[in-house]
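Here the structure is laid out as structure tokens; the discussion comes afterwards.
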Number of protein chains: 2
Amino acid sequence: MTTIKDIAKAAGVSVTTVSRALNGYSDVNEKTRRKIMDIAKQLNYSPNTLARGLVMKKSRTIGMLVSGMNRVSSKDNFTFEVLSGVNECISERDYDLVLFSTTTTKQREKTYSQLCRERRVDGVILQGMKIDDPYLKEVVESDIPCMLIDIPISSKSVGYVTTDNVLGAKRAVRHLIQSGHKNIGLVNGHDQAYVSKQRLKGYMEALQEAGLQVNGQYIASGDFTEEKAEEAGTMLLKEHPELTAIFCASDLMALGVIKSAKAVGLSVPEQLSVIGYDNILLAAYSSPPLTTIAQNKFDLGYKAANALIDMLEEKSDAQVITLETELIIRESAK
Amino acid sequence: MTTIKDIAKAAGVSVTTVSRALNGYSDVNEKTRRKIMDIAKQLNYSPNTLARGLVMKKSRTIGMLVSGMNRVSSKDNFTFEVLSGVNECISERDYDLVLFSTTTTKQREKTYSQLCRERRVDGVILQGMKIDDPYLKEVVESDIPCMLIDIPISSKSVGYVTTDNVLGAKRAVRHLIQSGHKNIGLVNGHDQAYVSKQRLKGYMEALQEAGLQVNGQYIASGDFTEEKAEEAGTMLLKEHPELTAIFCASDLMALGVIKSAKAVGLSVPEQLSVIGYDNILLAAYSSPPLTTIAQNKFDLGYKAANALIDMLEEKSDAQVITLETELIIRESAK
DNA sequence: TTGAAAGCGCTAACAA
DNA sequence: TTGTTAGCGCTTTCAA
């Protein structure tokens, strides 16, 4: 494997000169540079980023920590789209991406900062962490630059990107209200997600704005899974037959609620309107197709990566970014 | 950031001893070891993998090269499931995963081996490459250990994992034949995929086994996309109204064909049976739910990673692994 | 059982 | 414009 030493020898100059030439410094004779470049190409040289990282104390590497990237959880491709966005931005800006995963127990033994420091990543993006995840506390305590996705914690070295979940939920509920619904249920996600609190807030605000009473009995938890949401839906529909619409804090849960409606003998959307959240891939294909609040998952990742790199290159401080949502009207609500 | 030097100083020993203690060598006094370990923990030490990699010439890092991981392509989560499998195995065996992406033009400028050597990955997994991808030739020429997914190239340093695509396609077509179909169309993927050739072969063999004529007119290309498949389906159905079944070489294409059937006024499965391939997430949710040939995408990734690491650790030579498929009967064919 | 010293491939003061 | 030298944090002979 060719090193700058080899090039130096072949060109009859010092390694310093080679390093300078290769890195585009101005203080090297144009002739020498050309010669060095030629030889480098001839010898099929690639720089050793390990060596470079060691001396520069920068690896041009971003770590991404995703929870729940395992056999069962690929049902919504939320994670994948975020990852695609991160990947796109990172490669545009000439960084590399290393994937940490927290699926195995093995890695739980390592602390967050251990994970990061071992790999000498310049910064980290966290996605899918629960609000009570032990890693999270560490993130804030450590001074490793970090962007969180959908977790509103910020400091000198940590920022986050999220969507406007309050407004998103509001949009969904307002849409139902405008269609004449008065008794609107909510199947929310679990409490360990920040977005759950926000979406609950949006739900309540929309009702209040319209002069409707918030009824705690109409609110159930679906734990972000299809199965739990189905149970929650069944419960809600049985105990409160006056419900004509249910807003779900995720599409997957909306799918579960629709199942429960069918089981109870209600047709969607004729007898029960259902609105989801996320606009996952399945939303357009399920029957009926899901009316939902879309969020741009690719952008979530892309912007997180972009802000992180800005931060690393000192182009900006830790940023807080909020993306917009959009109501997608399909056929599950009317 | 703590280094072994700091530990050495604190423990009153040499860095050599610290290194040996930390790496579990036997030739270090138990007392000294304990002392060193304690201090390391106290100082919150993490080894610098860059430095280690530099001297060891091993990074314990696997690169994964995926093509088409971008904004539009997240429609089938094939890639994501493979990635999840790779990730799972890699973290179990205590390696790290770096993601190369070939989406941007920028990286096309770098050759495959440049990409790998710069990052000093110990091995690579390639997924989603077309058969005429320029990278592919390099893979074989270079001696970087590599596992391919769904591309049957092997050598001393490269192996692959794939499913039995001939048999898979056969299973689909046999199922149709058993249901009484005689005029069976094929919407295949593009020619740049190895699997296309295999699935075509399976299609033909199944027909021949049953004593049915292969009719070239019944075969069209859907280019692995929903849109192209819809066009192909429309063409096929208009020109050959005698077709009662179409086998599609991917689920996404099956979705397209079903659309075309609806457009032409044919109901699925009453008037046209459709079978897909892959068993992607959507398959179970589309209407009608897709009868399809399932392949275990997670395992595809997991096994590739596992074989690669075996190879790196010299537990085995480059392997060739073939996974089984399974016919999943749903409602799009009868 | 321990330490001194060399070196992995690279960058960066400093000097010339 | 170029070279000398030191050093990033680690592993590994070799010698004690």
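Note on naming: letters A, B, ... go to the chains in the order of the sequence lines (proteins, then strands), and numbering restarts at 1 for each one.
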>> Quick check: any donor-acceptor pair below 3.5 Å linking the side-chain of A:Arg120 to the base of D:dG9?
In response: no
> Closest nucleotide of DNA chain D for B:Met1 versus for A:Thr17: which of these residues is on the 5' side?
Replying inline: A:Thr17
> Within the pair B:Tyr25 and C:dT1, is there a side-chain N or O less than 4.0 Å away from OP1 or OP2?
Replying inline: no
> To the side chain of B:Thr32, which of C:dT1, C:dG3, D:dC10 is closest?
Replying inline: C:dT1
> Does one side chain, of A:Ser142 or A:Arg117, offer a donor that lies under 3.5 Å from an acceptor on the other?
Replying inline: no
> Which sits closer to the 5' end of DNA chain C, A:Ala51 or B:Arg33, going by the nucleotide each is nearest to?
Replying inline: B:Arg33
>> Using whole Å, what does the distance between atom P of nucleotide D:dT11 and atom CZ of B:Arg60 come to?
In response: 13 Å
>> Among C:dC10, D:dC10, D:dT1, which nucleotide has an atom closest to any side-chain atom of A:Asn48?
In response: C:dC10
> How many angstroms lie between atom CZ of B:Arg52 and atom CD of A:Glu118, to the nearest 0.5 angstrom?
Replying inline: 7.5 Å
> Just to confirm, is there a sub-4.0 Å distance from OP1 or OP2 of C:dT11 to any side-chain nitrogen or oxygen of A:Lys58?
Replying inline: no
> Is a donor-acceptor contact shorter than 3.5 angstrom present between the side chain of A:Ser19 and the base of C:dA12?
Replying inline: no
> What nucleotide, of D:dT11, C:dC10, D:dT1, holds the atom closest to the side chain of A:Asp27?
Replying inline: D:dT1
>> Taking A:Asp310 first and then A:Arg93, would you say they form a salt bridge - that is, a charged N and a carboxylate O separated by under 4.0 Å?
In response: yes
> Taking for each residue the nucleotide of DNA chain C bearing the nearest heavy atom, is the 5' side occupied by B:Leu54 or by B:Thr16?
Replying inline: B:Thr16
> What integer distance in Å separates B:Ile7:CD1 from C:dT2:P?
Replying inline: 16 Å
> What is the distance from CZ of B:Arg20 to P of D:dG9, rounded to the nearest Å?
Replying inline: 21 Å
> Closest to the B:Met56 side chain: C:dT11, D:dT12, D:dT1?
Replying inline: D:dT12
> B:Lys9 has an atom NZ; how far is it from atom P of D:dC10, in whole Å?
Replying inline: 13 Å
> Would you say D:dG9 has OP1 or OP2 under 4.0 Å from some side-chain N or O of B:Tyr45?
Replying inline: no
> Any side-chain heavy-atom pair from A:Val66 and A:Met64 closer than 4.5 angstrom?
Replying inline: yes
> Does B:Asn23 place a side-chain N or O at less than 4.0 Å from the phosphate oxygens OP1/OP2 of D:dT11?
Replying inline: yes
>> In this structure, how many angstroms lie between the C1' atom of C:dC10 and the CZ atom of B:Arg117, rounded?
In response: 16 Å
>> Tell me whether the side-chain N/O atoms of A:Thr3 come closer than 4.0 Å to OP1 or OP2 in C:dG9.
In response: no
> Which one, C:dC10, C:dG3, D:dT11, comes nearest to the side chain of B:Val13?
Replying inline: C:dG3
> What is the distance from CD of A:Glu118 to P of D:dC10, rounded to the nearest Å?
Replying inline: 11 Å
>> If you compare every side-chain N and O of A:Lys57 against the phosphate oxygens of D:dG9 (OP1, OP2), does one of them come in below 4.0 Å?
In response: yes
> Distance only, no hydrogens: is a donor on one side chain within 3.5 Å (strictly under) of an acceptor on the other, for B:Thr16 and B:Ser19?
Replying inline: no
